[in-house]
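This structure is a prediction, so every number in the text was calculated from the model and none was measured. Quick note on labels: first sequence line is chain A, next is B, and so on, each numbered from 1.
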There are 2 protein chains.
Amino acid sequence: MMAPSAMPSLSFWFELASTYSYLTAVRIESEAARRGVVVEYRPFLLGPIFKDQGWSTSPFNIYEAKGRYMWRDIERTAERLGLPWRRPSVFPRNGLHGARLAVVAAEAGFAGRLVPELYRASFERDEDISSPQVLADILRDLGQDPEARLAEAGADRVKRALREHTDQARALGIFGSPSFVARGELYWGNDRLDEALTAAAEAPRGDGGSCGFPNDF
Amino acid sequence: MMAPSAMPSLSFWFELASTYSYLTAVRIESEAARRGVVVEYRPFLLGPIFKDQGWSTSPFNIYEAKGRYMWRDIERTAERLGLPWRRPSVFPRNGLHGARLAVVAAEAGFAGRLVPELYRASFERDEDISSPQVLADILRDLGQDPEARLAEAGADRVKRALREHTDQARALGIFGSPSFVARGELYWGNDRLDEALTAAAEAPRGDGGSCGFPNDF
């Protein structure tokens, strides 16, 4: 097996409130591993990007037919993928604290275990992932020190890092979640996970997408 | 082989200006035939439905990042499907006359041959399908009488039928193109063609989706 740094990689850009991102987050690690691809976790906030478009909430709430369709489409897709989806009682759910925690986890190398758990809490158990208690329980289950990690997540440095991620997402042309960047190409949506991973896996060694933030699409 | 009326069916709702619908229109007949599904052609206009949302043009023109992504995503998907896509010089292109002609073709039983040709003219040859000359050429190639068919397409009855299709689309919760209805379920997007056809093909005989306009989703 290659060292992770020599393996092809894919950036996974996600907003924790996003329903379609749940379908991706709970299977991206195994799907990527099958193809020898390393996942780089990039939490960001869709709120500011939606605001740029003049939206004060999710377009699924603004455009009724689109929203109605999404809830049914997610249900069908979860069934097809064998995932225990449950429609959350609040949508969109505030993902700010979870996203900051994901920044910490990405730096400390446990995002691949934390991020799916955040989505499971929200979209399988209808838990409020803006609650420190819910986040602490998840951290404890992962063998992390809840108090220390939550304190880190609240640090100015981490707040700034999340804002920078959101700015980078905007600069990459990201407008929804999940989004992927592989070999300088942007892919949007759970429906594009396979295509993005295939592109990442085909990357010649040394062009693994860990080259920063490509902008040639 | 079953008589067409006894075969499962799928309704294909399409707006001729829609880029993603090109990817569907040029392959839906062969994909459906493989599964023993009959395609029912339902041309409609997205303009009035977009207007309901406060949009005066395609959202791909209104939301820049989304539009930029769409053009690239279409290019990649066409390549993956082996389709000779060419970005049109005008977008969205007026599909009113083509849609009326598609209503005529659906009634007369040649929509399965006409509709892909309309999309090919627009998205492979960059031809203006609002021009009577372009439509006449397509009709002639299909062995139809251009003058007679274009006169039919301009009849009040056909104009009304297209308006009714658009109203039915709205009532079905359709908000984009291509859309499909199979077994009372709505599916949206070229990405859902396979899933919709699979659902249609699984329909028990007599529940073929030719039951009108289901509204239980």
* To do: Please say whether more than 12 non-hydrogen atoms of neighbouring residues, nucleotides or ligands are located less than 6.0 Å from CD in A:Glu75.
  => yes
* Side-chain contact test, heavy atoms from C-beta onward, threshold under 4.5 Å: evaluate it for A:Asp73 versus B:Arg192 and give yes or no. => yes
* **Within 6.0 angstrom of A:Glu107 CD, more than 12 heavy atoms from elsewhere** => yes
* Does A:Arg80 reach the side chain of B:Glu195, with side-chain heavy atoms less than 4.5 Å apart? -> yes
* To do: Taking all non-hydrogen atoms of both residues into account, name the closest pair between B:Gly173 and A:Ala65 and its distance.
  => O-CB, 3.6 Å
* **Ring centres under 6.0 angstrom apart (B:Phe175, A:Tyr69)** => yes
* Asked: So which part of B:Glu64 gets closer than 4.5 Å to some heavy atom of chain A, the side chain, the backbone, both or neither?
  -> neither
* **Rounded distance [0.5 Å steps], CD in B:Glu185 versus CZ in A:Arg76** => 4.5 Å
* Checking heavy atoms, do the side chain of A:Trp71, its backbone, both or neither come under 4.5 Å from chain B? -> neither
